[in-house]
Asker: 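Have a look at this one.
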Amino acid sequence: MTLLSSRPRGPVEPGLLSRALEVAGRLANDATEVITATAGRGARPGVKDSPFDWVTDTDRTLERHTRRVLTAEFPGIPVVGEEFGADHGAEDAEYRWVVDPVDGTANYVAGVPWCAYSLALVDAAGPVVGVVADPYRGQIYAAARGRGARANGVRVALTDRTSCAGAIVCTELTRTGPWPGLGHFIERAAAAHAGVRVLGSAALAIAQVALGHAAAAVLHSYHEWDVAGSVALAIETGAVVLDRHGEDSALPVDGLLVAAPGVADEVLTWWQDTAHR
């Protein structure tokens with residue numbers, strides 16, 4: 001389930017924002033402890049659609065824990081998760097929680113230090129609250145609508161760019177491999193003296209833009225649970241969020257570009273140009 005909405009982001013009851021931030025932060029801390037304690041140590045992956053689309057005991061355990069806590073704390077708000085699907089009524093609810101217990105599970109299984117826990121509260125206009133745990137760096141990234149974004153409690157603000165030269169642009173493979181035109185996209189980036197990185201976690205790819213480490217992130221396709229938490233971060237730091245047609249939408253149906261405002265048009269041109277290859 002992916003949201004397409006051009007409606008303005010409306011205000012949210014302050015008490016709900018505060019409670020949602022507090023509970024999501026607590027769950028992110030729980031996930032950090034579990035992931036760092038178990039990564040690469042005897043996880044038992046089950047294969048889904050491809051050999052690298054892993055499901056582990058940790059994914060299931062963390063999602064069950066998340067659902068138990070959210071159901072107790074917010075009994076009227078349904079939960080949508082990667083492992084156990086959507087609660088009844090989630091598609092039509094005013095708010096829904098969206099969780100990916102381990103984004104970058106293949107990295108987690110291998111012990112590669114690049115995966116995340118992602119949790120977001122979403123309404124019809126996009127993420128309301130987003131929390132992403134970056135366990136290997138000991139960081140919790142959190143954002144709430146109109147309240148900005150923080151990394152371990154320290155305010156984060158986007159530093160804009162005027163050029164992609166010397167910058168990193170993140171992307172991710174699809175479930176079946178490279179997305180159509182990825183090779184040409186990399187060539188366009190290289191011609192602009194930018195480097196493209198495929199690191200294995202959509203949530204962390206977008207977070208790198210919010211944190212100022214990357215100029216942009218392009219996802220040819222995605223699931224809402226992969227990115228909702230980190231899109232909240234990006235929006236609150238001032239990043240541009242567009243679909244492949246350049247339309248402004250928090251969680252667009254047709255691909256996702258998150259970028260520093262000064263380079264969004266440049267990267268969008270590279271991406272759009274792949275459609276003609």
Side-chain angles (χ1 to χ4, degrees), residues 24-70 79-86 97-120 130-141 151 168-179 182 195-209 211 213-214 217-231 233 256:
R26 177 156 37 99
L27 286 165
N29 276 300
D30 293 344
T32 293
E33 292 181 4
V34 171
I35 290 170
T36 54
T38 59
R41 299 172 189 167
R44 297 193 296 276
V47 178
K48 285 184 180 178
D49 297 331
S50 79
F52 293 102
D53 190 11
W54 304 103
V55 181
T56 68
D57 291 342
T58 303
D59 291 81
R60 299 186 186 97
T61 298
L62 283 176
E63 185 167 324
R64 288 191 187 102
H65 174 62
T66 297
R67 287 175 176 271
R68 282 195 299 268
V69 172
L70 294 178
V79 181
V80 179
E82 181 177 17
E83 305 308 330
F84 299 109
W97 286 102
V98 182
V99 60
D100 189 345
V102 184
D103 181 57
T105 315
N107 287 346
Y108 164 79
V109 170
V112 175
W114 191 260
C115 65
Y117 170 88
S118 177
L119 177 63
V131 174
V132 175
D134 185 350
Y136 292 99
R137 270 151 289 283
Q139 295 282 322
I140 304 293
Y141 311 126
I168 292 295
V169 175
C170 296
T171 190
E172 293 297 329
L173 304 179
T174 69
R175 289 179 181 272
T176 58
W179 44 269
L182 175 57
V196 175
R197 298 292 181 269
V198 180
L199 299 173
S201 167
L204 289 183
I206 294 171
Q208 301 319 299
V209 181
L211 296 167
H213 301 155
V218 174
L219 300 179
H220 183 79
S221 61
Y222 68 94
H223 292 289
E224 186 180 57
W225 54 69
D226 296 329
V227 303
S230 53
V231 165
L233 301 173
L256 178 66

Asker: Can you measure from CG (D134) to CD1 (I35) and round to the nearest 0.5 angstrom?
Answerer: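 Going from CG on D134 over to CD1 on I35, the span is 9.5 Å.
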
Asker: Just how far is it from atom OG1 of T171 to atom CG of L256, taken to the nearest 0.5 Å?
Answerer: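 Reported value, rounded in 0.5 Å steps: 10.0 Å.
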
Asker: Does the side chain of L27 come within less than 4.5 Å of V99's, by heavy atoms?
Answerer: no

Asker: Give me the atom names and distance for the closest heavy-atom approach of V79 to R67.
Answerer: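 Nearest heavy atoms, V79 then R67: O-NH1, 3.6 Å.
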
Asker: Does any N or O in the side chain of Q208 come within less than 3.5 Å of the main-chain N or O of H213, such that one atom is a donor and the other an acceptor?
Answerer: no

Asker: Supply the atom-to-atom distance L211 CG to I206 CD1, rounded to the nearest 0.5 angstrom.
Answerer: 12.0 Å

Asker: Drop me the distance from E172's CD to R197's CZ, to the nearest 0.5 angstrom.
Answerer: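 Here the interatomic distance stands at 13.0 Å.
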
Asker: Can you list the residues that meet the side-chain contact (heavy atoms from CB on, under 4.5 Å) rule with A116, with sequence neighbours excluded?
Answerer: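 A116 satisfies side-chain contact (heavy atoms from CB on, under 4.5 Å) with V132, S201, A203, L204 once adjacent residues are dropped.
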
Asker: Does a donor on one side chain and an acceptor on the other come within less than 3.5 Å for T66 and W97?
Answerer: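 There is no such pair between these side chains.
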
Asker: Is it the case that the side chain of R137 and the backbone of W114 share a donor-acceptor pair, with hydrogens and angles ignored and the cut-off at 3.5 Å?
Answerer: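 Between the backbone of W114 and the side chain of R137 there is no qualifying donor-acceptor contact (under 3.5 Å).
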
Asker: Look only at the side chain of E63 and the backbone of F84, and say whether a donor-acceptor pair between them is shorter than 3.5 Å.
Answerer: yes

Asker: Between the side chain of D100 and the main-chain N/O of V227, is any donor-acceptor distance below 3.5 Å?
Answerer: no

Asker: Where do L219 and Y222 come nearest, in terms of heavy atoms and distance?
Answerer: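 Heavy atoms only, the tightest pair is CD1-CB, 4.1 Å.
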
Asker: Once you round to the nearest 0.5 Å, how far does CG of L119 lie from CG of L62?
Answerer: 11.5 Å

Asker: Which residues pass the salt bridge (charged side-chain N to carboxylate O under 4.0 Å, His left out) test with R26, sequence neighbours left out?
Answerer: E22, E73

Asker: For a quick test of reading the model, state the closest non-hydrogen atom pair linking A205 to A217 and the distance between them.
Answerer: O-CB, 3.9 Å

Asker: In Å, rounded to the nearest 0.5 Å, how long is the span from OG1 of T105 to CD of E82?
Answerer: 6.0 Å

Asker: Just checking, is any N or O donor in the side chain of H65 or R60 under 3.5 Å from an acceptor N or O on the other one?
Answerer: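 Result is no, nothing qualifies.
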
Asker: When you measure from the side chain of N107 to the backbone of G104, do you find a donor-acceptor pair of N or O atoms at a distance under 3.5 Å?
Answerer: no

Asker: With side-chain contact (heavy atoms from CB on, under 4.5 Å) as the criterion, how do Y108 and T38 come out once you've worked through the C-alpha distance, each side chain's angles and the decisive distance to 0.1 Å?
Answerer: CA-CA 9 Å; Y108 164 79; T38 59; 2.5 Å; yes

Asker: Considering all heavy atoms of both residues, which atom of Y136 and which atom of C115 are nearest to each other, and what is their separation?
Answerer: CE1-SG, 3.7 Å

Asker: side-chain hydrogen bond (donor to acceptor under 3.5 Å, both in side chains) between T32 and Y117: does it pass, once the steps are laid out?
Answerer: CA-CA 8 Å; T32 293; Y117 170 88; over 6 Å; no

Asker: Nearest heavy-atom pair of A120 and G229: which atoms, and what distance?
Answerer: CB-N, 3.6 Å

Asker: For a quick test of reading the model, state the closest non-hydrogen atom pair linking T174 to S221 and the distance between them.
Answerer: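 Heavy atoms of T174 and S221 come nearest at CG2-OG, 3.8 Å.
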
Asker: Would S230 and Y141 count as having a side-chain donor-acceptor pair, cut-off 3.5 Å?
Answerer: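 No - no donor-acceptor pair under 3.5 Å links their side chains.
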
